[in-house]
Structure formats: structure tokens, C-alpha cells
Number of protein chains: 2
Amino acid sequence: MSIQESDVKNEVTDKYSLRGRVFQKLRDDILDGRYAQHEELREVAIGEELGVSRTPVREAFRQLELEGLIQIIPNKGAYVTGITADDVKDIYMIRSKLEGLCARWAVENITKELIEELEENIYLSDFHAAKGHHEQMAELDNRFHEILYEACNSKMLKHLLNDYHQYVLRVRRKTLSNQARSSASINEHRMIMEAIIAKDADKAEQLANMHILNAFDNIVKNGLYEVYATKSTNSDDK
Amino acid sequence: MSIQESDVKNEVTDKYSLRGRVFQKLRDDILDGRYAQHEELREVAIGEELGVSRTPVREAFRQLELEGLIQIIPNKGAYVTGITADDVKDIYMIRSKLEGLCARWAVENITKELIEELEENIYLSDFHAAKGHHEQMAELDNRFHEILYEACNSKMLKHLLNDYHQYVLRVRRKTLSNQARSSASINEHRMIMEAIIAKDADKAEQLANMHILNAFDNIVKNGLYEVYATKSTNSDDK
DNA sequence: ATCGGTATCATTGTATACAATAATACCGAT
DNA sequence: ATCGGTATTATTGTATACAATGATACCGAT
């Protein structure tokens, strides 16, 4: 197997190294709002908490910085940046554009195999929707998007969308699973797939745009959006 | 000065730490194509080359991985991913959408101060264009976009666009500075600014979209686009 | 000659030791 | 009491030592 085929998940998660575990733990904690805005993270403290030395902690810090979740001031410290309600909104708006682009590119580049995967995905989604299997539906929802990321045939876009998808997964954990939205979502998936198969790039892009905006609407409507800090702006705490 | 005000550049560059230097050096080398695709980077070798120990090298590796420039396979090694001609194209297409979004948001959020900065930027650009000062014009061009990133008032979008801007800076280093394109570019900047001032979000977005696409066209026309590897593996390119 | 297995080596992963920097406390001069 | 400056401490930055893992070479059995 060539290098670039290897599972993209490993890029970041790396479940079995200490660094990977520290990274995941900190990212989850930050995205779940368990740290205050601008809270300082000390290497030894985090290390002791997780039973590891400073080395993996430092490496995790460097990654979190690039994800924009903490800010490192040289020789001074690491401060959590977290994400605010405004950030969540921005992420969805950005994702809307990018998923649109992804769907557009998929029209040109999708393979037969991936089309089949999409079809299977929709088919299974209908099944689990009828049964009310929320767990499986969430999984299939993720997978639908991941298939498209693969199908667009762009390393850059895939990488970017995967990153944002990570954020979204966490946000969604906090939102009620909403029966009505689930079936609407599947139908939107179906329409996107059909537009791609029909090679209608404009329609695919537009549908994908709307799909993400609808998902965001749903989050706002369910109100769980409020768990995130409102833009702290300043006059700062701490 | 509060934390979030501090210079966003430091997030990544950190010129004065060893890790920062290693990171920059490796990123530059990779983006300039000085490594072969899939070449393995060994920690000790890089460290010796730069006269540092493995620690800063490893931290830099972790960052490069998140930037997508190398892939790290746990317990095995780090392999450069580089960017191909296709990647450059994708970056510009993605940037087109994002800069459009940025301009749209700037319409709502731009401050008087930033509007004045934009006006000054255009004014100075005209001056240096007339004099043929390429260095200053490139600087002003960057700055124009950075002002917009600030003006959109979105931490997420700003962060993202700054990242891509880094790529673009390197790509542009390789492209001829083209007199005709320079003046066209300034005019496009002017029109974007005017649309923002006129609070015409649709127009601002559309102009910003086109501005980036035009910049890419120029790169392709100048042919220096070919310095990058063509997509290595799969049969098809886009 | 090929296969399987083991030993050796190279390389990464982690912990710790040391150096440099920044924050704090303390002390004296005014 | 306040200000400036120095000593001390806490914390990060870097180097090195050790552990674990994967790659390679060697060797014997078939």
C-alpha cells in the first residue's frame, strides 16, 4: 500500500501514542468547553494529570496551536483559545462553501466504486432511519461526507474538510439528535448524490451548500448552540 | 495587550526558537520542491544538518504534519507530501471561495480604521505601480488581503486564510512579477474596496472570487506553474 | 534456493536533565 | 510607602538518555 493511501485518520488521532492521546484529550476538553477562555496550560500539570512526561505534552501543544485551539507565546506559556458560538457559526458558513466546492469537484472526479458506496450509504440510512437507530445514522452521515471528500479527488480540500468535520463532530455531540432533521438530512444527501451522478455540478454545489446551512439552522433551532461562550471580545477575564 | 491581539504571525513562525527555525526551513524547502515526493525525513539527519537536537525537529514535524506537508506514520517515519501543480490549483480555487466569504463578511464588520487602511493601501499601490516598485507592490498586495482578513471579524476565517496566504506567498515567489497583472490587480482591489464601502455584499463577494481566479490565471499564463510536480500517483489528473 | 525465525541494528517514542527566559519576591534607597 | 533593582523561583526551550518498535541481515531447516 502506498503512503498516501493510508488512513487519513491516523494523521491526527494516532490513538496509541502518548502524544496522540494527549492531543485528543486536550482537543476534546477544549472543544467541550472544559477550559476557560485564555486559561493557561502548563506542561508539567497536564503531564502529571495524564501520567506522561512533558515531551508528548509539548508535541500535542504544537499541534493544538496549529489547529488554533491554543496560542503559544514563546518562553511564556500556552493559552486556550477555545471556540465560541460565533466560531461555530463561522465554521458552518465556511464548510458550506467548501462542501459545495467538494460536491462540484466530485461531479468530475468520482469513481464508480465511490458512487456505489454513496448508494449503499443512502440505502442503509433509510433502513436505520426507519428503525430509529440513531447511532448508526450518525455514523452513516459522517461517512457520506467522507466519501465525498474522497470523491472530490483533492488532497487539499479533503484535508481541510476533514479538519472541520472534526470540529463538527464535537459540536454535534452536544446537539439533540433530532428525528425530523435526520430524515431531511438523508433526503438532502440523496439529492446531492443524484446531482453528482447526473453530472450537474451547479446543482450539486448548490445542494451541498444548502445542506450545511440547514444543518446549522437545526443546531440553532435546538438551542444547544448556547453552550458555547459568546464572543468574549474583551475587557477580559483572568 | 491582551492575548488575542498579539501578532498572528507568531503563531507559526516563531523566528527565534530552534523549533520555529526548523519548521520554517523545512516548510520552505518542501514548498520550494527541494525534497522528492515521499522522501523520508529522519530526525537525527535533519537535526545534524541544522545543528540542533531531535526535540525541536520532532516538534516541527508535528506541525508540518498538521499543515499536510508531511505524513507521519507512527513508529516508522515522516514522509514529505509536498504540493503538486494540482494542489496549487486547488488552493486557489478554495481561496477564491474563502476570500469571497471574507469580503462579504467585511461588508458587515469592517471598521472605519480598516477602511482608511484600505484606502491608504490603494493610494500607495497606485504610487508604487507608477514608479515600478515591485517589492513594495508585493508587500502592499499582501497587506491588502490581510486587512480584509482582519476586517471580516472572524477568527476562524482569518486563521484559515492566513494559512493559505503562506502557501501563496511561496508560490508567487516562483512566478514572474508581471507588470500588466499588477495594475489589473490594484484595480480589482479598488473595486472590492468600493463594494465593501458601498455595503454591497454580493458584489464584494463576487469581485473577491474573481480576483483570486484572475491571479491564478496569471500564474498559469506565465507558465511558472510547471515548476511543481504533476500529480504523482493516480492515472488521472483533474 | 526458499522459507521461517532470531539477532542485530536503525529509528522513533518517551522521560529526564540541563539551560535560558520570564515572573515574582524581597530588599534597600529615597 | 514607593520605586528600582537584584535574587529567587517557576516555567518553557533544548539536549540527551533510555525504551520500544520496526527493518534488516543472518542462519539453519527443508
Side-chain angles (χ1 to χ4, degrees), chain A residues 1-3 5-7 9-27 35-36 38-66 69-81 236-238, chain B residues 1-3 5-7 9-26 35-36 38-66 69-81:
Chain A
M1 183 171 82
S2 100
I3 289 165
E5 246 83 34
S6 78
D7 192 357
K9 293 295 178 46
N10 284 3
E11 271 185 23
V12 161
T13 51
D14 190 2
K15 261 181 98 166
Y16 303 108
S17 73
L18 295 189
R19 168 185 62 83
R21 291 218 299 271
V22 174
F23 177 75
Q24 284 189 136
K25 170 84 163 67
L26 288 175
R27 183 174 62 180
Y35 289 106
H38 300 163
E39 186 169 341
E40 184 169 1
L41 299 180
R42 286 195 194 78
E43 296 172 356
V44 283
I46 303 289
E48 278 170 9
E49 193 180 324
L50 302 176
V52 302
S53 79
R54 285 174 57 214
T55 307
V57 174
R58 283 180 61 86
E59 293 184 1
F61 275 19
R62 297 303 175 265
Q63 298 189 292
L64 290 166
E65 182 186 34
L66 241 64
L69 291 177
I70 68 176
Q71 177 174 14
I72 295 176
I73 299 177
N75 288 310
K76 192 152 181 295
Y79 304 88
V80 326
T81 309
D236 48 21
D237 29 68
K238 176 166 186 86
Chain B
M1 183 171 80
S2 103
I3 289 164
E5 247 83 32
S6 77
D7 190 357
K9 294 293 177 49
N10 283 3
E11 271 185 22
V12 161
T13 52
D14 189 3
K15 263 180 97 166
Y16 303 108
S17 73
L18 296 189
R19 167 185 62 83
R21 292 218 298 272
V22 174
F23 176 76
Q24 284 190 136
K25 171 83 163 65
L26 288 176
Y35 289 105
H38 300 163
E39 186 169 339
E40 184 169 1
L41 299 180
R42 284 194 197 76
E43 296 171 357
V44 283
I46 303 289
E48 278 170 9
E49 193 182 322
L50 302 176
V52 302
S53 78
R54 284 174 59 212
T55 307
V57 174
R58 281 179 63 85
E59 293 185 0
F61 275 20
R62 297 302 175 264
Q63 297 188 295
L64 290 167
E65 182 186 33
L66 242 63
L69 292 177
I70 68 176
Q71 178 175 13
I72 296 176
I73 300 179
N75 287 310
K76 193 153 179 297
Y79 304 88
V80 326
T81 309

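The sequence lines fix the lettering, A, B, ..., with proteins before strands; numbering per chain opens at 1.
Closest contact between the side chain of B/Thr55 and the listed nucleotides C/dT14, D/dT14, D/dG13 involves D/dT14. The side chain of B/Glu40 lies closest to C/dT12 when the candidates are D/dA15, C/dG13, C/dT12. Residue A/Arg19 has its side chain nearest to C/dT14 when only D/dT12, D/dA15, C/dT14 are considered. Across D/dG13, D/dA23, C/dT14, the shortest atom-to-atom separation from the side chain of B/Lys76 is found for D/dA23. In the set D/dT14, D/dG22, D/dT16, D/dG22 carries the atom at the smallest distance from any side-chain atom of B/Asn75. In this structure, the nucleotide among C/dA22, C/dA15, D/dT12 sitting nearest to the side chain of A/Glu43 is D/dT12.
Residue A/Phe61 holds its CZ atom at 10.0 Å from CZ of A/Arg54, rounded to the nearest 0.5 Å. With rounding to the nearest 0.5 angstrom, the CD atom of A/Gln63 is 8.5 Å from the CD atom of B/Gln63. If you take CD on A/Glu65 and CD on B/Glu59, they are separated by 10.5 Å, rounding to the nearest 0.5 Å.
Inter-residue side-chain proximity for B/Arg19 and B/Thr55 is flagged as unmet; no heavy-atom pair is nearer than 4.5 Å. With contacts defined as side-chain heavy-atom distances shorter than 4.5 Å, the pair A/Leu50/A/Lys25 qualifies.
Residue B/Arg62 places at least one side-chain N or O closer than 4.0 Å to OP1 or OP2 of C/dG13. For B/Arg42 and D/dA23, the shortest distance from a side-chain N or O to OP1 or OP2 is not below 4.0 Å.
Whole-Å rounding puts the B/Arg58 CZ to D/dG13 P distance at 17 Å. If you measure from atom CZ of A/Phe23 to atom C1' of C/dG13, you get 18 Å, rounded to the nearest angstrom. The distance from atom CZ of B/Arg21 to atom C1' of D/dA15 is 15 Å, rounded to the nearest whole Å. Between the CG atom of B/Leu50 and the P atom of D/dT14 there is a distance of 13 Å, rounded to whole Å. In this structure, B/Arg54 atom CZ and C/dC18 atom C1' are separated by 18 Å, rounded to whole Å. Between the C1' atom of D/dA15 and the CD1 atom of B/Ile46 lies a distance of 18 Å, rounded to the nearest Å. Rounded to an integer number of Å, the gap from B/Leu41 CG to C/dT12 C1' is 13 Å. When rounded to the nearest whole Å, the span between CD of A/Glu59 and C1' of C/dT14 equals 9 Å.
Checking D/dA29 for Watson-Crick or G-U wobble geometry (two distances, each under 3.5 Å) identifies C/dT2 as its partner. Summarising the base pairing, C/dA10 is matched to D/dT21 through a Watson-Crick or G-U wobble pair whose two defining distances lie under 3.5 Å.
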